[in-house]
Amino acid sequence: MIPLHHILFFSSTLFCIGLFGALSRRHVVGILISVEIMLNAANVNLVAFSRWTGLIPVNAQVFAIFIITLAAAAAAVALAIVLTIYRNRKTIYTNEIDLLKW
Amino acid sequence: MEVLTAISKVGIYVIFGVTLLGAMMAVTLRNIFHAALSLALTLIGVAAVFFVLRAEFLGAVQILLYVGGIMILVIFTVMLTTRIGDRTIPTSNHQQWPVLIGALLLLLYFVRMIGKTPWSIKSELAVVSAVQIGKSLVSTFIFPFELTAVILVAILIGTVILAKSDEGEEKS
């Protein structure tokens with residue numbers, strides 16, 4: 001079996017890629033995609049710790065299930081909001097959505 | 001048999017590489033539809049990592065919920081909203097290079113900290129079965145479980161109300 005370090009390197013790289021995407025994308029759906037990547041990196045970390053170091057290994061996997069559930073729910077709401085914004089403003093680029101700027 | 005052992009040792013790194021490649025494509029590709037397809041590749045790669053780590057239930061949930069559910073939602077939204085493949089529109093904002101440097105510094109910090117920390121690794125690796133997860137969900141985590149049910153109902157109703165077209169109000 002591979003050492004714990006390698007899994008952690010993998011998940012932190014995945015997280016940083018997602019962070020880069022979330023901060024640099026202009027497209028709202030692109031930002032959502034990046035956030036999903038970051039949540040997946042967190043899940044990989046939880047599962048790795050449950051296998052290698054956890055005192056109660058079940059807890060980490062239950063946490064991961066909650067994260068997956070809430071990520072799915074959040075994605076559904078966010079995509080509904082994107083659809084509504086597109087219907088009202090005819091754009092989905094973050095710099096053109098300026099309803100809440102003065 | 002030695003070939004099989006070698007392949008099984010290299011295999012996880014191949015999965016890592018494919019997953020990271022998919023993630024990089026998902027955050028950099030110009031065409032947002034292609035980015036969504038790369039996200040599917042990443043999610044399947046993460047599910048494969050779950051299977052390798054002996055978290056079979058989570059891997060199955062990942063494929064069902066992410067690849068089956070969220071991917072469909074994302075692709076639907078892309079198709080309903082974007083002018084796909086319009087090359088004149090820039091896909092990133094002006095912060096691209098500072099953000100890239102910041103993310104790389106954060107990655108460097110993570111790698112150093114992971115190397116420094118003395119992990120207390122158990123002598124035998126844990127394997128969690130789906131039965132244990134189910135029992136834990138309805139005993140230790142019963143309150144968050146019920147709370148999740150309430151949140152899901154609220155989100156179901158909220159999503160329908162947000163996304164339904166209100167043509168009747170526009171006409172009046």
Side-chain angles (χ1 to χ4, degrees), chain A residues 1-2 4-10 12-21 23-27 29-30 32-34 36-37 40 43-44 47-48 50-54 57-59 61-62 64-66 68-73 75-77 79-84 86-87 92-95, chain B residues 12 16 19-20 23-24 26-27 32 35-36 39 42-43 46 49-50 53-55 58 61-62 65 69-70 73-74 77-78 80-82 90-93 95-96 99-100 103 106-107 110-111 114-115 119-122 125-126 128 132-133 136-137 141 144 148 151-152 155 158-159 162-163 165:
Chain A
M1 204 59 204
I2 64 168
L4 173 63
H5 292 175
H6 295 186
I7 302 256
L8 295 183
F9 290 152
F10 165 70
S12 47
T13 313
L14 202 60
F15 182 85
C16 287
I17 291 174
L19 184 71
F20 168 72
L23 292 179
S24 72
R25 276 282 193 190
R26 224 174 124 243
H27 199 292
V29 181
L32 264 175
I33 287 174
S34 312
E36 298 296 336
I37 291 176
N40 266 287
N43 275 343
V44 172
V47 173
S50 111
R51 185 153 167 72
W52 268 278
T53 66
V58 188
N59 284 7
Q61 300 214 2
V62 174
I65 287 179
F66 281 132
I68 290 178
T69 316
L70 292 180
V77 171
L79 292 174
I81 291 174
V82 170
L83 275 183
T84 314
Y86 182 73
R87 201 181 296 136
I92 41 170
Y93 292 101
T94 43
N95 56 345
Chain B
I12 179 77
F16 283 177
T19 312
L20 290 179
M24 278 178 206
V27 298
I32 199 72
L39 176 70
T42 312
L43 296 176
V46 171
V49 171
F50 285 165
L53 295 182
R54 302 293 306 276
L58 265 183
V61 166
Q62 169 97 4
L65 255 178
I70 293 183
L73 274 179
V74 168
T77 314
V78 168
L80 281 175
T81 54
T82 325
T91 48
S92 61
N93 53 22
Q95 312 159 356
Q96 204 170 11
V99 165
L100 181 63
L106 187 68
L107 180 62
F110 279 159
V111 168
I114 290 167
W119 303 105
S120 59
I121 293 175
K122 289 183 294 188
L125 304 182
V128 178
Q132 283 174 290
I133 295 176
S136 178
L137 261 183
F141 292 96
T148 312
I151 289 174
L152 284 183
I155 281 173
T159 310
L162 268 178
S165 62

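Side chains are part of it too, since the values below use all heavy atoms of this structure and drop only hydrogens, waters and symmetry mates. Chain identifiers are assigned alphabetically (A, B, ...) following the order of the sequence lines, protein sequences preceding nucleic acid strands; residue numbering begins at 1 within each chain. In this text the structure is predicted, and so the values were computed from the model without any measurement.
Contact count against chain B (heavy-atom pairs under 4.5 Å) is highest for A:Asn59 among A:Leu70, A:Asn59, A:Leu83. If you tally non-hydrogen atom pairs under 4.5 Å between each of B:Leu73, B:Leu58, B:Leu65 and chain A, the highest count goes to B:Leu58. Interface summary for chain A: among B:Val61, B:Thr42, B:Val74, the most heavy-atom pairs under 4.5 angstrom belong to B:Val74. Of all the listed residues (A:Gly21, A:Gly30, A:Ser12), the one sharing the greatest number of non-hydrogen pairs under 4.5 Å with chain B is A:Ser12. Per-residue counts of heavy-atom pairs under 4.5 Å with chain A were compared for B:Pro144, B:Gly115, B:Gly158; the largest is that of B:Pro144.
When side chains are defined from C-beta on, A:Ile7 counts as touching B:Leu53, because their heavy atoms get closer than 4.5 Å. At least one side-chain heavy atom of B:Leu152 sits under 4.5 Å from a side-chain heavy atom of A:Thr69. Side-chain atoms of A:Ile33 and B:Val27, non-hydrogen and from C-beta on, never get closer than 4.5 Å to each other. For the pair B:Val128/A:Val47, no side-chain contact is recorded, criterion being any heavy-atom separation below 4.5 Å from C-beta on.
Scanning both residues, A:Ala80 and B:Ala163, for their nearest heavy atoms gives CB-CB, 4.2 Å. Closest heavy-atom contact between B:Gln95 and A:Leu23: OE1-O, 3.0 Å. Closest of all the heavy-atom pairs between A:Ile37 and B:Ala26 is CD1-CB, 4.0 Å. Looking at every heavy atom in both residues, A:Val58 comes nearest to B:Ser136 through CG1-CB, 3.6 Å. Contact between B:Thr159 and A:Ala76 at its shortest, heavy atoms only, is CG2-O, 3.8 Å.
For B:Val99, the parts lying near chain A are the backbone and the side chain together; criterion is any non-hydrogen pair under 4.5 Å. Of the two parts of B:Ile133, the backbone and the side chain both hold a non-hydrogen atom closer than 4.5 Å to a non-hydrogen atom of chain A. Of the atoms belonging to A:Phe66, it is side-chain heavy atoms, and not backbone ones, that fall under 4.5 Å from chain B. Looking at B:Gln132, both its backbone and its side chain come within 4.5 Å of chain A, counting heavy atoms on both sides.
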For the pair A:Asn40 and B:Leu43, evaluate side chain to side chain contact (heavy atoms under 4.5 Å, CB included) and give the outcome as yes or no after the intermediate values. CA-CA 8 Å; A:Asn40 266 287; B:Leu43 296 176; 2.9 Å; yes

Decide yes or no on side chain to side chain contact (heavy atoms under 4.5 Å, CB included) for A:Thr13 and B:Phe16, but give the supporting numbers first. CA-CA 10 Å; A:Thr13 313; B:Phe16 283 177; over 6 Å; no

Apply side chain to side chain contact (heavy atoms under 4.5 Å, CB included) to residues B:Val46 and A:Leu14 and explain how you reach the verdict. CA-CA 10 Å; B:Val46 171; A:Leu14 202 60; 4.1 Å; yes

Derivation of the side chain to side chain contact (heavy atoms under 4.5 Å, CB included) call for B:Phe50 and A:Asn43: CA-CA 9 Å; B:Phe50 285 165; A:Asn43 275 343; 3.8 Å; yes

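In this structure, the separation between CD on A:Glu36 and CG on B:Leu39 is 7.0 Å, given to the nearest 0.5 Å. Taken to the nearest 0.5 Å, the CD atom of B:Gln96 stands 9.0 Å off from the CZ atom of A:Arg25. Going from atom CZ of A:Phe15 over to atom CG of B:Leu106 covers 6.5 Å, rounded to the nearest 0.5 Å. One distance of note links CG of B:Leu80 with CZ of A:Arg87; it measures 9.5 Å at 0.5 Å rounding. A:Leu8 CG to B:Ile114 CD1: the interatomic distance, rounded to the nearest 0.5 Å, is 4.5 Å. Between A:Phe20 atom CZ and B:Leu100 atom CG the span is 5.0 Å, to the nearest 0.5 Å.
Although no hydrogens or angles enter the test, the distance criterion places a donor-acceptor pair under 3.5 Å between the side chain of A:Thr84 and the main chain of B:Leu162.
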